[in-house]
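Only one structure is covered here, and it is reproduced in the block below.
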Amino acid sequence: MQKLKFPQGFLWGTANSAYQTEGGNIYSDWYKWEKSLGRQGVLESAGKKPEDFMSGQACDFYNRYEEDFALAKSLNHNSIRIGIEWARVEPKEGEFDQHVLDHYEKMLQSARFNGLKVFLTLHHYTNPVWFAEKRAFEKKENIQFFLRYVEVIAKRFGEEVDFWLTFNEPEVYVSFSYFLGLYPPQEKSFFKSFRVLQNLISAHNRSYKILRMHSQKPVSMAFHLSDIQAVNIFSEPITYLAHYLANEYILNRTIDFCDFVGVNYYFHHHVGWLGKRRKSHSGHEQTDLGWGIHPEGLERVLLSLKKYKKPVYITENGIADRHDKKREKFIKDHLYFVHKAIKQGVNVKGYLYWSLTDNFEWLMGFGPRFGLVEIDREGLLKRKVRYSALKFGEICGSNEMVYEPDASLSAHRS
Ligand code: GCO
């Protein structure tokens, strides 16, 4: 049994995104796409009910944020990552909705009132329909529209936000939307993917300057970083490329415009691209989605960031675990490796679990349950705190963790 202390002032909390929780985002390209005949046809022919895959009112977070922030506070959290839905703020090109901005202001004030420092994401996969119709980030000249939105938000909320995150996981957005044809606009083009990626990098770097002009608060992105073991360009080229893009290509081109590094960590690439299990590692524990659980990979990812000499915040780490059987151990095992990285000199300053509540998991709809808090989808979206939330809450409240290293963990150190 060990008692692991975390650095003073460590940030503890959760992360969500606007689209996955707010509900009613009728001006977003995803909303339109979910309702499209093409998408519904695909679901129906797979024997699925399309309504289970429509975000609809999601968690109604847009209206119930106070309740959720109070819950976070009661679980001893001192920070939270939330998002702004661009399509809501600017439903028509150039028309910024003042009521919506007022609403977000109240949301930010409520977070502060509940003692939560705010990480605010400005783009998390979704676009306003009008922007998507202009072909979004496929065109360099469209970056200016994003920058105009960033400026509006920066001017308005420059003091209310504690940490800015411009984009969430740019390489996932690019590969799912423009290469694999899975997310809207479902393109499958290498050239478009490359162009969108270049434009996202440029949009981030230019947003950085705007944000810092209007706000003293640090800026970064939520990078989707993975650990890679026993995968090389010959054995699994696509997996390798995805890893290279996220961990090297994007990071190296944006790091000068990041005040910290935001790390989203879910798995390492013993799991093939798109979560396909590789036989040689089927011995690992898995989440409800079949993703292998590899907490030790997080230590390697964090150590690889040491060279940048910037503070690091874990902006996402979580597990789909409907019955809450593995979540407590999942969190503790990952924190154990975070702590190990800190001891080796990585300046990790916070950990945000994905997510506070169950929410809309993109292509998989409401099936996967990532929440510390369960949402009753049959009833009135009632919130019910899971046991693991209380256990995590103990760590958040004491800034330390009593930890029993598990034999299976060291056996799986590979
Ligand atoms: C992503 C996102 C989240 C997901 C989470 C769980 O990685 O796609 O940032 O939107 O919901 O990662 O899969």
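Remember, it's 1-based here, ligands and their atoms both numbered in the order they're listed.
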Name the orientation class of the two ring planes belonging to Trp33 and Trp30 (parallel below 30°, tilted from 30 to 60°, perpendicular beyond 60°).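 Perpendicular.
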
Assign the ring pair Phe61 / Tyr65 to parallel, tilted or perpendicular, where the plane angle (0 to 90°) is split at 30° and 60°.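 Aromatic pair Phe61/Tyr65 classed perpendicular.
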
Task: Set of salt bridge (charged side-chain N to carboxylate O under 4.0 Å, His left out) partners for Asp97, sequence neighbours left out - done: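 Result, salt bridge (charged side-chain N to carboxylate O under 4.0 Å, His left out) vs Asp97: none returned.
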
Tabulated below should be the N or O atoms of ligand 1 paired with protein N or O atoms at under 3.5 Å; can you produce that?
from, atom 1, to, atom 2, distance (Å)
ligand 1, 7 (O), Glu169, OE1, 2.8
ligand 1, 7 (O), Glu169, OE2, 3.0
ligand 1, 8 (O), Tyr125, OH, 2.8
ligand 1, 9 (O), His124, NE2, 3.1
ligand 1, 9 (O), Asn168, ND2, 2.9
ligand 1, 9 (O), Glu316, OE1, 3.1
ligand 1, 9 (O), Glu316, OE2, 2.7
ligand 1, 10 (O), Gln20, OE1, 2.7
ligand 1, 10 (O), Gln20, NE2, 3.4
ligand 1, 10 (O), His124, NE2, 2.9
ligand 1, 10 (O), Trp362, NE1, 2.9
ligand 1, 11 (O), Gln20, NE2, 2.8
ligand 1, 11 (O), Trp354, NE1, 3.4
ligand 1, 11 (O), Glu361, OE1, 2.6
ligand 1, 12 (O), Tyr266, OH, 2.9
ligand 1, 12 (O), Glu316, OE1, 3.0
ligand 1, 13 (O), Glu361, OE2, 2.5

Requested in this report: Verify the distance criterion only: is there a donor paired with an acceptor across the side chains of Arg88 and Tyr104 at less than 3.5 Å?
Outcome: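 No.
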
Result of checking Val301, Val263, Val261, Thr315 against Phe223 for side-chain contact (heavy atoms from CB on, under 4.5 Å)
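One option only clears the test, and that one is Val261.
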
query: Is Asp333 salt-bridged to Lys329, going by a charged N under 4.0 Å from an acidic O?
result: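 The answer is yes: the pair qualifies as a salt bridge.
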
